[in-house]
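Below: one structure, written as structure tokens.
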Amino acid sequence: MTLRFYDTASASVRDFEPVVPGKASLYYCGATVQSGPHIGHVRSGLVFDILVRWLRFRGLKVTAVRNVTDIDDKILEKARASEQPGFDGDHPNEPWWALAYRFEGVFHQAYDALGIERPTYEPRATGHIPQMHELIAELIERGHAYPAQDGSGDVYFDVRSWPRYGELTHQRLDEMQDAADADPRGKRDPRDFALWKGHKDQDPLTASWDSPWGRGRPGWHLECSAMAGRYLGDRFDFHGGGLDLRFPHHENELAQSAAAGRGFANFWLHNGLVAYQGEKMSKSLGNTVDPQQMLAENRPLVVRYMLGQAHYRSVLDYRPTSLEEAAAAVERIEAFLVAASAAGADLDWEPADIPADFVAVMDDDLNVPRALGVLHDRVRAGNTALHAGAEQASELAAAARAVSGMTEILGLRALMALGEAGAGAQEHEALDQLVQDLLERRAAARAEKDWAEADRLRDTLAEAGIVVADGAGGSTWTLG
Ligand SMILES: Nc1ncnc2c1ncn2[C@@H]1O[C@H](COP(=O)(O)OP(=O)(O)OP(=O)(O)O)[C@@H](O)[C@H]1O
Ligand SMILES: [Zn+2]
């Protein structure tokens, strides 16, 4: 097995060697929960959901971490302007942390509706202040960070102390833009960025924490370094996020972590952005499309297909007609699975049923568009076999298992409406496992001539409404 990924840091496609054999670890930047998601955020979550599913299919035990940035200037600003009522006399207006919690829930609703699995861990920045202090202390100790010279209580990363600064985005220090996150008067260099931000009088006291450098709150970049280290250790496999985060966010994450002696990510993966009429979809530009609204008008399956079909590194220029195209594509797949199942084909699949060409293109930097090409080819072949009737029953069976498996790997299968074909399949499988166990025990009792036990097991099955037929090739069962 060789999985290959495009790594932003080396600007090349590299073979994937897990840091820990048999395992894969992924950290990807989640939302700043200042408002609900737009479909760009959802695409980012979906790209990494497909990555996790693929790594798992390839036999790796995956640990995925996606953070929630629940403290930030924008969150405090939005809370000040919030018209939501507070919940008691002490909080007449919605506090910043309630607003953050509320929007975290709205993100979850969109992810859940689209079958984007929850990551293994979903840490909130405010729950990891001690880990952030630890990292700042390490950086100060190593001479890569310093408390602000103007008494603001800020602590900055000293970019000139770290010759590798710029390595992720291949920029030279003298070409880089200044960090816009604090008053440059307290800094040694305008490009130095804040690790810790001193408390400001206009902000509520609940939005700051004591620290050895004074009361304040963490800088955004620092949060991710601290949380990645907390859950994945010093060195891990993948760091992901949208292309917009390469600089300064990821450059700074890398600098802080590496300067503290941590190996950090082996691969940097960046998803392309969702654009609308050629421009990045973003809250600040006001050109956003709300997934909830899209879901009110379209099936989750269609929305997932539409947002997931492009290569993860390419721009996805959203056009309303792309939903109609996605609907037509998923309906073709569903119709085939329903018809195949009605013709007696089994939709249960095993890894060996997945076509080698699907595996090859997914292994090659997660090429979902080509993988969907393979999927649609198999649907076409399956439809041909279906029309040919009995003489192509084995081709039909193979196509049905392959299509069922590929749609499941891509996270589409659970969102499909397969009627009889899909409904209850899971329950049937669970029940079959239990019945088979009882049947084996009954066969063993008979072999030992323990007729009382064999009868008892038969009665247990009969009481549950399960009719057993004993034949030459063993016993089969149906619900009576
Ligand atoms: N238009 C987009 N297309 C794809 N991914 C996006 C888009 N906008 C944001 N993301 C990604 O979503 C994740 C969460 O983003 P974050 O909350 O930081 O949003 P943001 O970049 O501040 O959004 P906005 O620009 O709308 O304010 C990040 O990985 C980010 O790169
Ligand atoms: Zn981050």
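Remember, predicted model here, so these are calculated numbers, not experimental data. Counting starts at 1 for both ligands and their atoms, in listed order. No hydrogens, no waters, no symmetry mates; every other heavy atom, side chains included, goes into these values. Starting from 1, each residue takes its place in the sequence as its number.
Among the backbone and side-chain atoms of His250, none of the N, O or S atoms lies under 2.8 Å from the Zn ion (ligand 2). Residue Glu223: no N/O/S atom is found under 2.8 Å from the Zn ion (ligand 2).
In summary, the atoms of ligand 1 found under 4.0 Å from a heavy atom of Gly30, numbered by their order in the structure, are 14 (C). In summary, the atoms of ligand 1 found under 4.0 Å from a heavy atom of Ser282, numbered by their order in the structure, are 24 (P), 25 (O), 26 (O). Annotation for ligand 1: atoms under 4.0 Å from non-hydrogen atoms of Ala31 are 14 (C), 17 (O).
At the Zn ion (ligand 2), the angle from SG in Cys224 to SG in Cys29 is 130° when rounded to 10°.
Closest N/O/S atom of His249 to the Zn ion (ligand 2): NE2. Within Glu253, OE2 is the N, O or S atom that lies nearest to the Zn ion (ligand 2).
Ion pairing between Asp112 and Arg118 holds under the 4.0 Å rule for side-chain N and carboxylate O. The residues Asp73 and Arg217 are annotated as salt-bridged, a charged nitrogen and a carboxylate oxygen being separated by less than 4.0 angstrom. Between Arg14 and Asp7 a salt bridge is recorded (basic side-chain N to carboxylate O distance below 4.0 Å). Salt bridge annotation for Arg299-Glu334: present, with a cationic side-chain nitrogen under 4.0 angstrom from a carboxylate oxygen. Residues Lys187 and Asp178 are not paired through a salt bridge, judged by the lack of any N-O separation under 4.0 Å between the basic side chain and the carboxylate. Taking the charged nitrogens against the carboxylate oxygens, Arg313 and Asp365 do have a contact shorter than 4.0 Å, which makes a salt bridge. Remark: Glu134 does not engage Arg230 in a salt bridge, criterion side-chain N to carboxylate O under 4.0 Å. Comment: Lys197 does not engage Asp181 in a salt bridge, judged by the lack of any side-chain N to carboxylate O separation of less than 4.0 angstrom.
Donor-acceptor pairing under 3.5 Å is recorded for the side chains of Arg215 and Ser208. The closest side-chain donor-acceptor pair between Glu104 and His108, if any, does not fall under 3.5 angstrom. At a cut-off of 3.5 Å, with distance as the only test, a side-chain donor of Ser225 or Ser257 sits close to an acceptor on the other residue. Between Asn67 and Thr69, the side chains place a donor N or O and an acceptor N or O closer than 3.5 Å (distance only, hydrogens not considered).
For Gly272, the closest heavy-atom approach to ligand 1 falls below 4.0 Å. Between Arg43 and ligand 1 there is no heavy-atom distance shorter than 4.0 Å.
In terms of protein heavy-atom proximity, atom 1 (N) of ligand 1 is nearest to Met281 O, 2.9 Å. Atom 2 (C) of ligand 1 has as its closest protein heavy atom Gly40 CA, 3.5 Å. Taking atom 23 (O) of ligand 1 as the reference point, the nearest protein heavy-atom neighbour is His41 NE2, 3.2 Å. Scanning all protein heavy atoms for the shortest distance to atom 29 (O) of ligand 1 gives Gly242 N, 3.0 Å. In this structure, atom 28 (C) of ligand 1 lies nearest to the protein heavy atom Leu245 CD1, 3.6 Å. Protein heavy atom closest to atom 13 (C) of ligand 1, with residue, atom name and distance, is Cys29 O, 3.8 Å. Given atom 17 (O) of ligand 1, the protein heavy atom at minimum distance is Thr32 N, 2.8 Å.
Remark: ligand 1 and His38 share an N or O pair separated by less than 3.5 Å (distance only, no angle test). Distances between N or O atoms of Leu273 and those of ligand 1 include no value under 3.5 Å. Residue Val274 has at least one nitrogen or oxygen atom sitting less than 3.5 Å from a nitrogen or oxygen atom of ligand 1, judged on distance alone. Looking at ligand 1, you won't find any N or O of Gly241 less than 3.5 Å from one of its N or O atoms. At a 3.5 angstrom cut-off on N or O pairs, Lys283 counts as close to ligand 1. Ligand 1 has a nitrogen or oxygen under 3.5 angstrom from a nitrogen or oxygen of Lys280.
Between atom 31 (O) of ligand 1 and the options Leu243, Asp244, Thr69, the minimum heavy-atom separation is to Asp244.
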(message) Assess the residue pair Arg191 and Glu251 against the criterion (salt bridge (Lys or Arg N to Asp or Glu O under 4.0 Å)); give the C-alpha distance rounded to whole Å, side-chain angles, the decisive distance to 0.1 Å, and a yes or no.
(response) CA-CA 12 Å; Arg191 288 156 295 198; Glu251 189 70 69; over 6 Å; no
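With a heavy-atom cut-off of 4.0 Å, Asn271 touches ligand 1 through its side chain alone.
Of the residues listed (Tyr27, Tyr312, Tyr28), the one engaging Phe48 in a ring pair (Phe, Tyr, Trp, His ring centres under 6.0 Å) is Tyr28, and it is the only one.
Between His144 and Tyr165, a ring centre-to-centre spacing not shorter than 6.0 Å is recorded.
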